[in-house]
2 protein chains.
Amino acid sequence: MKRPKKQRQQALKDSIKDNPFVTDEELSVEFDVSVQTIRLDRMELAIPELRERIKHVAVKTFEDEVKSLPIDEVIGEIIDIELDNKAISIFDVKPEHVFQRNKIARGHHLFAQANSLAVAVMNEELALTVKSELQFLRPVTAGQRVVAKAEVIESHPEKNRAFVKVVSSVDQQTVFIGTFEMYRMTEQSEGEAK
Amino acid sequence: MKRPKKQRQQALKDSIKDNPFVTDEELSVEFDVSVQTIRLDRMELAIPELRERIKHVAVKTFEDEVKSLPIDEVIGEIIDIELDNKAISIFDVKPEHVFQRNKIARGHHLFAQANSLAVAVMNEELALTVKSELQFLRPVTAGQRVVAKAEVIESHPEKNRAFVKVVSSVDQQTVFIGTFEMYRMTEQSEGEAK
DNA sequence: CCCGCTATTAGCACTTGGTACTAATATGAG
DNA sequence: CTCATATTAGTACCAAGTGCTAATAGCGGG
């Protein structure tokens with residue numbers, strides 16, 4: 001068996017990569033070699049045992065939990081808020097938020113922080129964005145901390161409308177400005193999306 | 001020890017919840033009882049053993065991997081693209097994209113799909129959003145499929161600027177309109193963020 | 001044809017972090 | 001004091017390994 005070994009090891013690597021939950025025994029059946037051979041292969045390839053692999057995946061998830069939660073809830077951490085008036089949040093730009101090519105933060109993360117803050121300053125989960133205008137003034141890069149300040153600049157409670165202006169900055173320099181026209185849903189008017 | 005048992009079990013539950021990676025042995029030290037007591041407690045509380053806990057976390061992560069990847073890369077799946085001209089992407093709204101209260105999709109997901117598409121239609125990772133105007137016309141709810149169509153409506157290659165209009169719809173009904181002023185970076189001009 | 005080399009397989013002892021079960025001992029309430 | 005519950009101890013066993021030694025295959029070259 002002159003080639004098979006290298007081939008098998010490559011295949012083994014791939015197989016484990018896309019299903020880390022496979023045991024040596026299952027692999028030995030898959031590749032029709034003994035369990036020991038699989039073990040030797042893993043050694044040579046420095047692939048850890050099943051339990052360690054699972055643990056790594058789990059630890060990764062567990063650590064991500066903190067940073068993936070805010071992706072769907074409020075983006076950025078709200079550090080100060082006065083309902084219907086103003087609010088401030090901070091958002092630390094991490095490698096996963098930027099373009100790989102130039103390390104500049106993707107626009108939707110800045111928007112998400114600002115929009116989340118605009119929603120939050122209104123009133124807990126009952127506000128929708130109707131319109132908005134955005135300006136991305138300077139590129140933001142990984143490692144920077146973006147401070148967003150939201151202010152309710154106009155309120156028309158009778159029409160359930162309000163305008164919120166959000167200014168985001170890094171080191172006192174403004175990087176983003178957004179104005180949001182918000183619609184405040186009343187409890188009754190909730191159920192009318194097609 | 002009349003109360004301690006219930007209290008310990010509650011504390012045990014909490015302890016395992018915020019650190020699923022703890023062994024019975026470590027817990028027995030933490031609560032100053034024997035390992036067996038910890039095991040009995042776990043039985044009563046139907047808490048699985050360490051490895052099973054880790055596995056659950058890992059499986060969860062693994063399944064999430066598919067849906068968390070598009071969050072940071074292109075949001076939505078691009079199904080057609082003509083560079084510098086137009087592009088189409090679809091985005092299936094899932095429960096994790098909506099407000100819990102009213103099941104309406106959070107604005108930043110619609111923005112992210114549109115913005116990603118605007119970036120994509122320009123030229124591979126070298127475009128930045130400068131300004132944009134958005135209109136959220138109708139609420140989108142979980143389960144719906146949003147089709148976004150981007151079109152380059154104006155191009156000023158000499159100024160490295162272009163305008164892209166994105167119209168998103170659900171079942172032929174327009175739900176979102178965004179116009180994006182894009183800046184196309186040249187390879188040389190990349191390195192100038194503070 | 002045998003020598004040598006790598007690859008493969010086998011076997012055993014030991015490890016972690018448990019389960020399952022039995023039995024002994026506390027401990028506190030009535 | 002007694003009974004029930006709680007706790008602890010101890011044993012056998014399991015999965016999925018590691019680590020190590022040793023036997024065997026397969027093959028290419030001289």
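Below, chains carry the letters A, B, ... as their sequence lines are ordered, and counting in each starts from 1. As the structure is a prediction and not an experimental result, all values here were calculated from the model.
- Atom CG of B:L50 is separated from atom P of D:dA15 by 18 Å (rounded to the nearest Å).
- For the OP1/OP2 pair of D:dA6 and a distance below 4.0 Å, the side-chain nitrogens and oxygens of B:R8 include no atom meeting the criterion.
- Taking atom CD on B:E52 and atom P on D:dC14, their separation rounds to 17 Å, with Å as the unit.
- Each of D:dA9, C:dA10, D:dT18 was ranked by its minimum atom distance to the side chain of A:S34; first place goes to C:dA10.
- No hydrogens or angles were tested; on distance alone, nothing pairs the side chain of A:R51 with the base of D:dG17 as donor and acceptor under 3.5 Å.
- Residue A:R42 places at least one side-chain N or O under 4.0 Å from the OP1 or OP2 atom of D:dT18.
- Along DNA chain D, the nucleotide closest to B:E44 and the one closest to A:V22 are compared, and the more 5′ of them pairs with B:E44.
- The residue among B:D32 and B:K55 whose nearest nucleotide of DNA chain D is located toward the 5' end is B:D32.
- In A:E25, the CD atom is not crowded: 12 or fewer heavy atoms of neighbouring residues, nucleotides or ligands sit closer than 6.0 Å.
- Between the CG atom of A:D24 and the P atom of D:dT18 there is a distance of 6 Å, rounded to whole Å.
- B:F21 places its CZ atom 17 Å from the C1' atom of C:dG18, with the value rounded to the nearest Å.
- Straight-line distance from the CD1 atom of B:I38 to the C1' atom of D:dA9: 15 Å, rounded to whole Å.
- Atom pair A:R53:CZ and D:dA15:C1' shows a separation of 14 Å (rounding to whole Å applied).
- By the 4.0 Å N-to-carboxylate-O rule, B:D84 lies close enough to B:R184 to be salt-bridged with it.
- A side-chain hydrogen bond (donor to acceptor under 3.5 Å, both in side chains) with A:D41 holds for exactly one of A:Q36, A:R8, A:K13; it is A:R8.
- For the pair A:S168 and A:F91, the minimum side-chain heavy-atom distance is 4.5 Å or more.
- Rounded to an integer number of Å, the gap from CE of B:M43 to P of D:dT8 is 16 Å.
- Residue B:V33 is classed as a sugar-phosphate contact, given heavy-atom separations below 4.0 Å to backbone atoms only.
- For the pair B:T37 and D:dT7, the criterion of a side-chain N or O lying under 4.0 Å from OP1 or OP2 is not met.
- Residue order along DNA chain C, read from the 5' end via each residue's closest nucleotide, puts A:Q36 first among A:Q36 and B:E25.
- For A:L40, the listed nucleotide lying nearest its side chain is C:dT9; candidates were C:dA20, C:dT9, D:dG19.
- The side chain of B:R39 places no N or O atom within less than 4.0 Å of a non-bridging phosphate oxygen (OP1 or OP2) of D:dT7.
- Atom-to-atom, CD of B:Q9 to P of D:dT5 comes out at 15 Å; the value is rounded to the nearest Å.
- By the 6.0 Å contact criterion, CZ on A:R161 is enclosed, its count of non-hydrogen atoms from other residues, nucleotides or ligands being greater than 12.
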